[in-house]
Amino acid sequence: MGFGTFIREKREQANVPMNEFARSLGISPAYWSRIERELEKAPKDELITKAAEKLGLNPDEAFIEASRLPPDMQKDVSTVVRLYRKNLG
């Protein structure tokens with residue numbers, strides 16, 4: 001499952017209309033629709049975080065679905081890689 005599919009499912013479970021959700025994020029409904037239909041890559045980090053928060057989701061889960069490290073982890077990739085290797089090791 002990609003980010004768009006994941007976030008669409010969560011938005012629909014929360015009964016939030018797509019147009020209303022997009023406007024609450026400060027973006028066009030057309031652009032958000034393309035994201036949800038997987039026609040666009042996951043949006044910038046700030047929108048992923050904002051979307052997760054508006055839906056009451058753990059932002060880490062949204063970043064996982066976007067195949068991206070959360071912003072705080074992006075700043076320290078070496079530690080993330082070392083911990084990953086150590087724990088799978």
Side-chain angles (χ1 to χ4, degrees):
M1 174 182 325
F3 173 78
T5 303
F6 168 79
I7 208 75
R8 181 182 65 235
E9 286 180 5
K10 299 300 183 183
R11 179 186 56 73
E12 288 175 346
Q13 288 171 3
N15 293 316
V16 179
M18 195 272 305
N19 289 344
E20 178 183 312
F21 189 68
R23 287 187 191 105
S24 76
L25 296 173
I27 60 172
S28 76
Y31 174 59
W32 193 255
S33 175
R34 289 192 307 273
I35 290 170
E36 287 192 356
R37 291 180 291 135
E38 305 286 348
L39 299 175
E40 297 273 351
K41 293 180 181 181
K44 60 186 178 178
D45 293 349
E46 296 81 18
L47 280 177
I48 292 173
T49 300
K50 196 172 180 182
E53 288 172 352
K54 288 194 175 289
L55 293 173
L57 305 173
N58 180 336
D60 287 348
E61 293 300 317
F63 279 97
I64 289 167
E65 294 299 332
S67 297
R68 195 179 303 166
L69 289 173
D72 60 326
M73 291 183 181
Q74 292 173 20
K75 295 174 184 168
D76 195 7
V77 173
S78 63
T79 299
V80 173
V81 171
R82 286 185 187 106
L83 287 170
Y84 175 84
R85 297 286 184 218
K86 180 181 177 184
N87 288 323
L88 290 179

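Starting from 1, each residue takes its place in the sequence as its number.
A distance of 12.5 Å separates CD1 of Ile35 from CZ of Arg8, quoted to the nearest 0.5 Å. To the nearest 0.5 Å, atoms CD1 (Ile27) and CG (Leu47) are separated by 5.0 Å.
Residues Pro43 and Phe3 share a closest heavy-atom pair of CD-CE2, 3.5 Å.
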Throw together a table of side-chain donor-acceptor distances under 3.5 angstrom for residues 11-23, partners on residues two or more places apart or in other chains.
from, atom 1, to, atom 2, distance (Å)
Arg11, NE, Glu36, OE1, 3.4
Arg11, NE, Glu36, OE2, 2.7
Arg11, NH1, Val16, O, 2.7
Arg11, NH2, Glu36, OE1, 2.8

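Under the side-chain hydrogen bond (donor to acceptor under 3.5 Å, both in side chains) criterion, the residue pairs touching residues 38-61 are Thr5-Glu38, Arg34-Glu40, Asp45-Arg68, Asp45-Gln74, with sequence neighbours excluded.
In this structure, Phe63 is a member of the same hydrophobic cluster as Met1, with clusters built from ILVMFWY side-chain heavy atoms closer than 4.5 Å.
Screening Asp76, Val80, Val81 for a side-chain contact (heavy atoms from CB on, under 4.5 Å) involving Ser78 leaves a single residue, Asp76.
In this structure, the side chains of Trp32 and Leu25 come closer than 4.5 Å at one or more pairs of heavy atoms. Using a 4.5 Å heavy-atom threshold, the side chains of Leu57 and Lys10 count as touching.
Considering only residues two or more places apart in sequence or on other chains, Ser67 meets the side-chain hydrogen bond (donor to acceptor under 3.5 Å, both in side chains) condition with none of them.
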